[in-house]
Amino acid sequence: MKKKILFVVTSHNQKGNTGQETGFYLSEVAHPWDILVDAGYDIDFVSPKGGKAPIDGFDLNDPINKKFWENGSYRHKIENTLMPAEVSTGNYIAIHYAGGHGAMWDFADNSALSSIAAKIYESGGVVSAVCHGPAGLVNIKLSNGKYLVDGKKVNAFTNEEEIAVKLDQVVPFLLESKLIERGAKFEKSELWQSHVAVDQRLVTGQNPQSAKAVGEAVATQLKYQETVSVLTRYDVEKNNQQLFRNVLSNYVKYANVQKSNIMAEAYFEEENPTVLWTIERWTSKTEFDKIGKGDEFKKLTLFAKKHLKQPAKKIYVKDLEPLSKEEWHRKANTNDRPITIMLFVESKPGTENNFKEVYHAVMPQFRSEPGVINYQLSEFEDDSTKFVTYEKFRDENAFQYHLKFPPILPVLEYLNTSIKKQPFQAGLHRLVAFPSQTKK
């Protein structure tokens, strides 16, 4: 069964008292639809009132619009949209709010649609919106009582664009201003330029020109959702340490040339060299399972059974600030002496969201430090209070600079006050990479 995405379209067909008709903007449905259907997803439609949705921007000279409109199955869906009460949120991995001026009148105050979006988001799904579609975001609250957009980078039809179309005195509110009022970090480009903001599974686009890029960004976010990320710890018998490193190194070399591999690395702990780690990311569970049936993995498993002090420990994690394959494969410079740090953290129950928010606020600054090669925060799949950071620096000086970098202060404050086991440094592991781990 194909995974499903829910598109939200307006039921409103009048621009205030102007006498001008409106509805959902066709390209803001058709262009994301084209990308996502091509990526293998099925799409359903919902509107505040259900039934046939009014249309604006009806331009069949646009080949993607024409393709959508002439698709019998989807034409039927858009003319027979679901009502919010008919939506089962568990069926959807994403929700997309299409624009069109009608959305300004019937999206914001529809509590049923807001509840649907909040549930999809808090189940790990993606929320997207384009142009006036973000009107549907302004009143979405999460279970922690905060607005969905609070503290996140957001984009939408700008105040300048609303003025340019002479509807700034007609719409019930200015969308840019309302999103800022809700705590959003509003981004924008010049009038009618494509602009997409992506932040923590929230994807927003500025105008009709951004619709295709929104669809592409949603597809990328959904790929991240399918990624399998696993850390494996091997506590090796001392006499078999070098032999096991060779086997592990061969496995990592094999993994790195597989198309479905995102990254694979092998390390030993600096302070305890008999403890070895593999750090892996694969495009999907299906692909990861295939590798598990291969000869290299079987060989590794056989050696693990014979030469470990205790069974290997696998830790499945989900990346909270996903990186692309290209970003994971950023290389050190010729003169660098890279060091890798893993920090395991167990939050006091009830504070884990604070930890994620603190890290989210500073992650862009950490990643932009000149001495940082990679920086990632991941949450344990089976325990939302447990986290691990992966930090790769160009050399020791870069790591020491990071420890004194002013944006780290709120992180250190949290680590010193809100985790179960103190000091937090007890969860820190310096890792030494095995040599010759070739990457694609």
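One is the number of the first residue; the rest follow in order along the sequence. Values in this document were obtained by computation on a predicted structure and should not be read as measured data.
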Legend entry - Taking every non-hydrogen atom, the tightest pair across Met263 and Ile279: SD-O, 3.4 Å
Inset, instruction - Report yes if some heavy atom in the side chain of Leu137 is under 4.5 Å from a heavy atom in the side chain of Tyr147; otherwise report no. - result: no
Inset, instruction - Determine whether Asp336 and Phe393 make a side-chain contact, defined as any pair of heavy atoms from C-beta on separated by less than 4.5 Å. - result: no
Inset, instruction - Kindly determine whether Lys178 and Val149 satisfy side chain to side chain contact (heavy atoms under 4.5 Å, CB included), including the steps that lead there. - result: CA-CA 11 Å; Lys178 182 64 72 174; Val149 299; over 6 Å; no
Legend entry - Distance (rounded to the nearest 0.5 Å) between Phe297 CZ and Ile291 CD1: 10.0 Å
Legend entry - Distance-only side-chain donor-acceptor flag, Ser284 / Glu287, under 3.5 Å: no
Legend entry - Heavy-atom pair with the smallest gap, counting every atom of Pro349 and Lys420: CD-CE, 3.9 Å
Inset, instruction - Salt-bridge test for Lys299 and Glu296: reply yes if a basic N is under 4.0 Å from a carboxylate O, no otherwise. - result: no
Inset, instruction - Please say whether more than 12 non-hydrogen atoms of neighbouring residues, nucleotides or ligands are located less than 6.0 Å from CZ in Arg337. - result: no
Inset, instruction - Taking the six-membered ring for Trp and the single ring otherwise, decide whether the centroids of Tyr267 and His429 are under 6.0 Å apart. - result: no
Which atom pairs, one a donor and one an acceptor, fall under 3.5 Å between side chains of residues 307-317 and the rest of the protein, sequence neighbours left out?
{"unit_1": "His307", "atom_1": "ND1", "unit_2": "Asn240", "atom_2": "ND2", "d": "3.3"}
{"unit_1": "Gln310", "atom_1": "NE2", "unit_2": "Asp235", "atom_2": "OD2", "d": "3.3"}
{"unit_1": "Lys314", "atom_1": "NZ", "unit_2": "Thr232", "atom_2": "OG1", "d": "3.3"}

Inset, instruction - State plainly whether the residues Glu381 and Lys318 are in salt-bridge range, i.e. N to O under 4.0 Å. - result: no
Legend entry - Side-chain donor or acceptor of Lys152 paired with backbone N/O of Leu148 under 3.5 Å: yes
Legend entry - Interatomic spacing from NZ in Lys356 to CD in Gln200 - rounded to 0.5 Å: 8.5 Å
Inset, instruction - May I ask you to decide if Gln365's main-chain N or O and Ser368's side chain share a donor-acceptor pair within less than 3.5 Å? - result: yes
Legend entry - Electrostatic pair Arg281:Asp319 at N-O distance under 4.0 angstrom: yes
Legend entry - Donor-acceptor contact present, side-chain Gln225 to main-chain Gly124, <3.5 Å: yes
Inset, instruction - Count the heavy atoms belonging to other residues, nucleotides or ligands that lie under 6.0 Å from CG of Asn272, then report whether that count exceeds 12. - result: yes
Inset, instruction - Return the minimal non-hydrogen interatomic distance between Ala211 and Pro32, and the atom names on each side. - result: O-CG, 3.4 Å
Inset, instruction - Could you grab the distance from atom CG of Leu431 to atom CD1 of Ile341, nearest 0.5 Å is fine? - result: 7.0 Å
Inset, instruction - Would you indicate whether the side-chain heavy atoms of Thr10 and Trp105 approach each other to under 4.5 Å? - result: no
Inset, instruction - Find out whether Leu175 and Val138 are in side-chain contact, i.e. whether some heavy atom of one side chain is under 4.5 Å from a heavy atom of the other. - result: yes
Inset, instruction - Answer yes or no: is there a donor N or O on one side and an acceptor on the other, between the side chain of Glu86 and the main chain of Met83, under 3.5 Å? - result: yes
Inset, instruction - With rounding to the nearest 0.5 Å, note down the distance linking CD in Glu161 to NZ in Lys188. - result: 9.0 Å
Legend entry - Validation row: Asn71, Trp33 side chains within 4.5 angstrom (heavy atoms): yes
Inset, instruction - Measure the CG-CG distance between Asn155 and Leu202 for me, rounded to the nearest 0.5 Å. - result: 10.5 Å
Legend entry - Side chain Lys119, main chain Gly90, donor-acceptor under 3.5 Å: no
Inset, instruction - Please report the closest heavy-atom contact between Ser27 and Asn65, naming both atoms and the distance. - result: CA-OD1, 3.3 Å
Inset, instruction - For this output row, return yes or no: ring centroids of Tyr25 and His132 closer than 6.0 angstrom. - result: no
Legend entry - Arg330 side-chain N/O to Ile373 backbone N/O, donor-acceptor pair under 3.5 Å: yes
Legend entry - Check ion pair Glu226-Lys223 (N to O, under 4.0 angstrom): no
Legend entry - Chi angles and distances behind the side chain to side chain contact (heavy atoms under 4.5 Å, CB included) call for Ser114, Phe107: CA-CA 9 Å; Ser114 294; Phe107 274 11; over 6 Å; no
Inset, instruction - State, without any angle test, whether Asp295 and Tyr254 hold a side-chain donor-acceptor pair at a distance under 3.5 Å. - result: no
Legend entry - Donor-acceptor contact present, side-chain Lys392 to main-chain Pro338, <3.5 Å: no
Inset, instruction - Give a yes or no on this: more than 12 heavy atoms of other residues, nucleotides or ligands lie within 6.0 Å of atom CD of Glu181. - result: yes
Legend entry - Validation row: Glu321, Tyr375 side chains within 4.5 angstrom (heavy atoms): no
Inset, instruction - Enter the distance from Glu369:CD to Tyr401:OH here, rounded to the nearest 0.5 Å. - result: 6.0 Å
Inset, instruction - Could you tell me whether the side chain of Gln242 reaches within less than 4.5 Å of the side chain of Arg245, counting heavy atoms only? - result: yes
Inset, instruction - Taking the six-membered ring for Trp and the single ring otherwise, decide whether the centroids of Tyr390 and Trp277 are under 6.0 Å apart. - result: no
Inset, instruction - Could you verify whether a donor N or O on one side chain and an acceptor N or O on the other, from Asn335 and Arg394, lie under 3.5 Å apart? - result: no
Legend entry - Any side-chain heavy-atom pair of Phe355 and Ser418 under 4.5 Å: no
Legend entry - Glu271, CD: over 12 other non-hydrogen atoms inside 6.0 angstrom: no
Inset, instruction - Apply ring pair (Phe, Tyr, Trp, His ring centres under 6.0 Å) to His96 and list each qualifying residue two or more places apart in sequence or on a separate chain. - result: Phe7
Legend entry - Verdict with supporting geometry, Val196 and Val203, side chain to side chain contact (heavy atoms under 4.5 Å, CB included): CA-CA 7 Å; Val196 174; Val203 178; 3.9 Å; yes
Legend entry - Shortest non-hydrogen separation from Val9 to Pro48 and the atoms involved: O-CD, 3.2 Å
Inset, instruction - Would you check if the side chain of Glu176 reaches a backbone N or O of Asn159 as a donor-acceptor pair within less than 3.5 Å? - result: yes
Legend entry - Considering all heavy atoms, the nearest Val214-Ala129 contact: CG2-O, 4.4 Å
Inset, instruction - Check the angle between the aromatic planes of Phe288 and Trp282 and answer parallel, tilted or perpendicular using the 30° and 60° thresholds. - result: tilted
Legend entry - Worked check of side chain to side chain contact (heavy atoms under 4.5 Å, CB included) between Glu352 and Glu346: CA-CA 9 Å; Glu352 58 268 27; Glu346 185 171 2; over 6 Å; no
Inset, instruction - For the pair Lys238 (side chain) and Pro273 (backbone), establish whether a donor and an acceptor sit closer than 3.5 Å, ignoring hydrogens and angles. - result: no
Legend entry - Flag for Ser47-Thr81: side-chain donor and acceptor within less than 3.5 Å: yes
Legend entry - Between Asn246 and Ser249: side-chain donor-acceptor atoms closer than 3.5 Å: no
Inset, instruction - Verify, without hydrogens or angle tests, whether Asp38 (side chain) and Asp34 (backbone) share a donor-acceptor contact under 3.5 angstrom. - result: no
